[in-house]
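Here the structure comes first, spelled out in structure tokens, and everything after it is commentary.
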Amino acid sequence: MKNAAAAASTSINLIKSLRESDIRSVANCYAAQLQLCCPHSSTSYSLARCVHAHMITSGFRPRGHILNRLIDIYCKSSYLVYAHHLFDKIPEPDIVARTTMIAAYSAAGNPELAREIFRRTPLSVRDTVCYNAMITGYSHNNDGHAAIELFRDMKRDDFEPDNYTFTSILAALALIADQETHCQQLHCAVAKSGTGLVTSVVNALISVYVKCASSPLASSSLLMAAAKKLFDEMRVRDELSWTTIITGYVRNGDLDAARQVFDGMNEKLVVAWNAMISGYVHNCFVPEALEMFRKMHLSGIKHDEFTYTSVLSACANAGLFLHGKQVHAYILRMEKLSQDVSLSVNNALITLYWKCGKVDEARLIFSSMPTRDLVSWNAILSAYVNAGRINEARSFFTEMPERNVLTWTVMISGLAQNGFGEEGLKLFSQMKLEGLKPCDYAFAGAITSCAALAALEHGRQLHAQLVRFGFDSSLSAGNALITMYARCGVVEAAHCVFLTMPYVDSVSWNAMIAALGQHGHGAQALEHFEQMLKENILPDRITFLTVLSTCSHAGLVKQGRNYFNSMHKLYGISPGEDHYARLIDLLCRAGKISEAKDVVQTMPFEPGAPIWEALLSGCRIHGNMDVGIEAAERLFELMPQHDGTYILLSNMYANVGRWDSVAKVRKLMRDRGVKKEPGCSWVEVESSVHVFLVDDTVHPEVQAVYNYLEELGLKMRKLGYVPDTKYVLHDMESEQKEYALSTHSEKLAVAFGLLKLPLGATVRVFKNLRICGDCHNAFKFMSKVVAREIIVRDGKRFHHFRNGDCSCGNYW
DNA sequence: ATAGGGTTAG
């Protein structure tokens, strides 16, 4: 240490002893060496470090352009800390150094620091270039308004805007351009500035036209025509001019026009090819995209990573696994070593494989990658989440070196969709605690969590937050809200969301139809479906599942059958097993068991568990023992551990008093170690959820509930309520039976709600299993006695009890 | 020292 210090001081003395001209030649030597470092290259940083180290040890203090050059190289090699360190020590940094730092901080996504340096630059030192850098800084950080404000300041302070200024300010404008933006005025301003013939400025102007054209309320063809006119009249077109107009058409969905411009290019650049391909991909013209990919190869143009990623994502989204695999093989051939496949291409490959259902292959790609970035991690996380492999997804989430909003969003929606609502909500608040601003998709995930939990109050709070965050026109959040309100029992609120959404898609329609259907508004649900067709929204597989369920709930056999038949005939969707299961459910509920059996026999595939389940539950309702027993036997073969089959079968026996058979089924269940999912019901009071089990003794206030139920019972009997003991599924004395009925979890939850909720408020109770027949009857009387609406959701649907009646019309 | 185009994660 001592020696090093001594050496440095000798060196410093040596430098001090040099004459002025010697110092100049040393400086020239350093300058020449730094000139060798070309910015952005990986070696330039280490070379610059060497030269810098030499300066320090020899006691040479860099100033002026040498210092600026050092700072610039550090900035461009993203060693901003070193650059800032050097910059801070300059007593009066010149405008070049300041501008370098401003540009570097902006590029690093830190416009605040850039602004700070800009602000501390005295007006007398500033020039047009530093304004340009700051304007670009804002626009790179998506703050178009700040850029425009600075442009005004610039003119106020009498700085002359140049080509760069106009190009940058137009780019900033394109960020915030909408149908209100007056392109004509801008056009004039550019012409007046004298930069109207500069290629880069015209390109930027075209970009603004393009952006305005893609605003949903704009007359896009007019604006695009104006953009094309600008393009056609340009004196000098560069590569960018071509791609700008091509992507302009592409983004406005006019692929033919884009293709026409593309075909008119003499020398087609890789970028233009890529623009066309990604355009086809984003507008779902997959065959065209693949065709371009082939043409590119035939024209001898080398594909690059942009081409690969676009084409791979085309295959992924269209489910073209074999095409995707061929492209993968092609890439491996072209790149020789799999190590040479770029990061983004590998990321696209992960997505290709999982979207085609090959999660483990996706994992192989992920594991074999030499380097991974956040996109890779998010892609593999999505793979596991999407496959419902939540445990593995959880461990990826925990192990990730870095997370962003998307990471959290994927995990939250994954949890919500797989029934882990509580965990989803926990993650949502944790995300906010970590200082991340949730996007609308994250909100959608949290709202879906509330739907799974039937947590209405929490859901309402999220709705309010959503509006405060400015996401009230979000499609995904709106769709989640429809489902949440419907699943929480407030179908009116669901409808209100649907009506106030600025844009809706087939998911929104499906959610709304399902909402009405579940709540027993069968006719209205079908009206919505017809309206959807009228508005030219194509129904999908989910739509038909929903419509068939609706018909089944409402007993609309004829309509249901017609819709089923129209699926393939009118919309080219071949019914899957799930569709057949709903058709059979529809027929069975209506008592048409033999017709349902005919369907099973003529189906194009072997009946699986969903089909037999539909048959069994239909037979239980209508007491069709033979078919019911057959269905149960098939289900025992297919899924011996499923509790539902045993329950339905024993219920069927109990209904006809065959208690010996009931006992046999129960014994079979015990022998096979099958556990019945315990029935439970819950009700939300003042934002907390109260859960009740049958014969509950755990809830702290359960005694008050039993007392209240007894009191209610007296009044109900006066109106004619008689406990229907056929719903007690064990053989016991009739008094015991009445007692057993009175302790059902749904009765406890409803009574608790009546006691605790504000007078007159609707009680909303949720049950994990099907509601019991006696409870259903009791709630009708209860709604009359207390003159309040009672809503109960069971596993599948809602019952609205009001003034002695139920919305299901006793068809359930 | 400052500008503008094509890609991948829901």
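In what follows, chains carry the letters A, B, and so on, assigned in the order in which the sequence lines appear, proteins first and then strands, with residues in each chain numbered from 1. Since we're looking at a predicted model, the values are computed, not measured.
- As judged by a 4.0 angstrom heavy-atom cut-off over every strand, T409(A) is placed among the base-contacting residues.
- Within 4.0 Å (heavy atoms only), W354(A) reaches sugar-phosphate atoms of the nucleic acid but no base atom.
- From the 5' end on, the contacts that DNA chain B makes with chain A at under 4.0 Å to a non-hydrogen atom open and close at dA1(B) to dG10(B).
- No contact: C130(A) has no heavy atom under 4.0 Å from any strand.
- For N142(A), there are no side chain to side chain donor-acceptor pair (under 3.5 Å) partners two or more places apart in sequence or in a different chain.
- Within the nucleic acid shown, H140(A) comes within 4.0 Å of sugar-phosphate atoms alone, with no base atom in reach, counting heavy atoms only.
- Base contact: D127(A) has a heavy atom under 4.0 Å from a base atom.
- Within 4.0 Å (heavy atoms only), S200(A) reaches at least one base atom of the nucleic acid.
- The residue H65(A) sits apart from the nucleic acid: no heavy atom pair falls under 4.0 Å.
- Residues forming a side chain to side chain donor-acceptor pair (under 3.5 Å) with E305(A) (at least two apart in sequence, or on another chain): S342(A), S344(A).
- At the heavy-atom level, V410(A) lies under 4.0 Å from the strands shown only through sugar-phosphate atoms.
- Among the atoms of the strands shown, base atoms are found under 4.0 Å from some heavy atom of D238(A).
- Using a 4.0 Å heavy-atom criterion, one finds that N404(A) contacts the bases of the nucleic acid, with or without backbone contacts as well.
- Remark: Y131(A) engages F118(A), F159(A) in a ring-ring contact (aromatic ring centres under 6.0 Å, His included) (not counting sequence neighbours).
- By the ring-ring contact (aromatic ring centres under 6.0 Å, His included) test, Y441(A) is found to be paired with no residue, residues two or more places apart in sequence or in another chain being considered.
- R394(A) forms a cation-pi arrangement with F420(A), by the criterion of a distance under 6.0 Å to the ring centre and an angle within 45° of the ring axis.
- Qualifying ring-ring contact (aromatic ring centres under 6.0 Å, His included) partners for F469(A), counting only residues two or more places apart in sequence or in other chains: F443(A).
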